[in-house]
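Naming: A, B, ... by sequence-line order, numbering from 1 per chain.
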Amino acid sequence: MNAKVSKKFSISELVMKLVRHQLFIPIAALLLLAIFNLINDPSFYKVTLGYSSTGDPVLSGYPITILDFGSELAILAIGMTLVTAATGGQDISVGATIAISGSVVLRMLCGPDGRAETMQMPIVVAFLISCVVAMLCGAFNGVLVAYFKIQPMVATLILYTAGRSIAAWINNNRLPIVKEESFKVFGGFIPGIPIPTPFFIALACIILMTLVLRFTNLKLYTQAVGINESSARLNGLNPAMIKFITFVILGICVAVAGLIKVSRLSTINYSVVAKDIEMDAILAVALGGNALSGGKFSMGASILGAYVIQFLTTTLYKLEVPSDALSAYKAIVVILLVVMSAPTVRKWFSDLGKKLKAKASVKEVG
Amino acid sequence: MLKMNTKKKLTDTNLLLLITIVVFFVMYIGAMIFLGEGFLKTQTFFNILNANAALLIVSCGMSLVMITGGIDISVGGVAALVSMCCAVYLDHKGGNIFVSILIAVGIGLAFGLVQGFLIAYLDVQPFIVTLAGMFFARGMTTIVNTNPFNVANEKFVALKDTRIVVPFMGSTNRLGKYVDAYIQIGVVVAILVVILMYFMLKWTKQGRNFYAVGGNSQSALMLGINVKKTKFISYVISGLLAGIGGYVYFLYVGSGSASHASGMEMNAIASSIIGGTMLTGGVGNIVGTLFGVLSLSTIKNIVSSAGLGDAWWTNITIALMLCLFLVIQSVVMARKKRGLKKS
């Protein structure tokens, strides 16, 4: 990770530098999980090439599952990182908004009574409409946070409660089923390619986001607003507008994740779809070493964090932890992470380090 | 208190409180006029109390935490965990009631202590800690027992069905017979909690400290208030009340299930906000919270008796109401700021 290591650096300094690097936490967690699985059961890494019912090559195995489901999370993590950086809070309505946008896609494809045999419109149009709806949800959160100055988590609590109900209401509580196979592509496999499609969608989102961050001032501006809102304002930025924009971008990410979610099943279960995903998305941002109180961020670290979280989830599933109990284990991971990154604890650790160093130097002198 | 202030000027606290009380009475009287029947009976009101005693207790804790400038969204999870643990203890192990109450209080205290320590002494964001607390509690509930079941413990069922008659408040039924109005034990506990919390916040030194810390923790620190300890205590009390509230909830439903008390944290936050507690801290009142809970539960009743029985309408109305009151608060705050600038 560190390109230049001259002989001047002693080993301890090198270690300290490594530890302080933002990618250290996600990579360390990844290695820890990887080694744990290797010891526990090496067959975890077995990937088999099979053929689906239509005769297309399909890869399967735990690593592929991680790649598959981690991609949804990575897409959400992109938006969540921006929101976290700009507002210093998190959007907890993403799961509910996924339900809404997924419900919109189904409503558009299956028509008002949800029984249409063929798709009522091209998937792209349905997706664009769901994009608009999800962006409106994001805009709603954004207005509350940016213009009414309500704490992000409380503002998004509104959609968190109402979202799934709204999703059910959009389809009159029916469960429309898309019967055409071509809809399954987004959450499954493109014919002829054995790697799950969500991975490519996530890749496209990541490339798009990298380009946006590279060629616009978005990163600089969000960080400036996150670090100090009033000084950003004095420098001619419009903090409210930037916060608003981050929520709208998160809305787009949610729409993409929503499409993948409904495509997996070709239908939707309002109370279960994307359940607890907000926790995973926040966890991905935190695991990426980004400060949950806003400011500087690293998009790459968040995305890596998302895959590590999925790695953790898959590992827990492998250990036959029931899906409802997963949240308890993840909660412990969150607490450990935030405690480790808490300023008070960090200070305590650095003081401890200094003390040890002082002792060592005393010994050397002695 | 209101009389005194109409003479001078309405403070933020009283303005928000006034809005809540007016909203509640307008809603209830409106329901009496337009929906009639059920709402004219006194028992309907007592039923609302019976069903929402647990919410009231939990909301008191929530208000306290919000007055101190934090938030606690683990309460619903804790309530579910408490009812599941007590249900398993009473039904599968055949335990006695006093120990089950101890279990409830113990679980609540444990959550309060850990969360309070993390938030107050380690400076971790309250939302993250309590969100993790909520997920932990929900996960633990399924680990303790996955399937929902009813408690058949005789002593417990007797306690659950205990009815306390409210004198002079009964009504005559269709046959012209006088029927006593009744409340359950949970309501008594809830009223006790409300009174205790009201006095604590109003007239004790510790109570005033909560407001000082929530209003401006920096100045509170300079006044010599132990800010960390105050925050810590607020979370411990909230956890404790979540435990008690969980037991009262358990007493009302009489079963254990992982999906119990779902959305309770949301309802508690909404009640507190509707009751005039400011998210920014330093402003709030337990009487307001009481009316917040009553407004919220009345609107739920109205929605269901107006024929919009589907579950989603309740959620949407609560969310709308929360949204409305949040915006009102935000406007009040903006007005206050402008007022400060002028002076």
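Across every non-hydrogen atom of Ala328(A) and Phe136(B), the tightest pair is O-CD1, 3.5 Å.
Contact tally against chain B (heavy-atom pairs below 4.5 Å) for Ile282(A), Leu144(A), Ile166(A), Asp276(A): the top residue is Asp276(A). Contacts with chain B were tallied for Ile332(A), Val321(A), Leu292(A); Leu292(A) has the most, counting heavy-atom pairs under 4.5 Å. Per-residue counts of heavy-atom pairs under 4.5 Å with chain A were compared for Ile71(B), Leu122(B), Ile143(B), Asn267(B); the largest is that of Leu122(B).
Heavy-atom contacts from other residues, nucleotides or ligands closer than 6.0 Å to CZ of Phe349(A) number 12 or fewer. The environment of Lys261(A) atom NZ is dense: over 12 non-hydrogen atoms of other residues, nucleotides or ligands sit within 6.0 angstrom. Under a cut-off of 6.0 angstrom, the local environment of NZ in Lys229(B) is sparse, with at most 12 non-hydrogen atoms contributed by other residues, nucleotides or ligands. In this structure, Tyr329(A) places its OH atom where only 12 or fewer heavy-atom neighbours from other residues, nucleotides or ligands lie under 6.0 Å away.
Checking each of Ile73(B), Ile128(B), Leu279(B), Thr130(B) against Met153(A) for a side-chain contact (heavy atoms from CB on, under 4.5 Å) leaves exactly one that passes, namely Ile128(B).
Heavy atoms of Leu159(A) lying under 4.5 Å from chain B are absent altogether. For Leu326(A), no part lies near chain B; criterion is any non-hydrogen pair under 4.5 Å. For a residue to count as touching a neighbouring chain, one of its non-hydrogen atoms must lie under 4.5 Å from one of that chain's; by this rule Ile150(A) touches chain B with the side chain only. If you measure heavy-atom distances from Ile273(B) to chain A, the contacts under 4.5 Å come from the side chain alone. Contact annotation for Ile269(B): only side-chain heavy atoms (C-beta onward) come within less than 4.5 Å of a heavy atom of chain A. Contacts of Phe140(A) with chain B are made by side-chain atoms alone, with heavy-atom separations under 4.5 Å and no backbone atom involved. Residue Val334(A) touches chain B through its side chain alone, counting heavy-atom pairs closer than 4.5 Å. For Leu283(A), no part lies near chain B; criterion is any non-hydrogen pair under 4.5 Å. For Val129(B), the parts lying under 4.5 angstrom from a heavy atom of chain A are both the backbone and the side chain.
To the nearest 0.5 Å, the span separating CE on Met279(A) from CZ on Arg138(B) amounts to 13.0 Å. Interatomic distance, OG1 of Thr161(A) versus CD1 of Ile316(B), reported as 10.5 Å (0.5 Å rounding).
Proximity of Ile158(A) to Leu326(B): side-chain heavy atoms (C-beta onward) are separated by under 4.5 Å at one or more points. Using a 4.5 Å cut-off on side-chain heavy atoms (C-beta onward), Ile92(A) and Phe127(B) make contact. Considering only heavy atoms from C-beta on, Val338(A) stays 4.5 Å or farther from Leu118(B) through its side chain.
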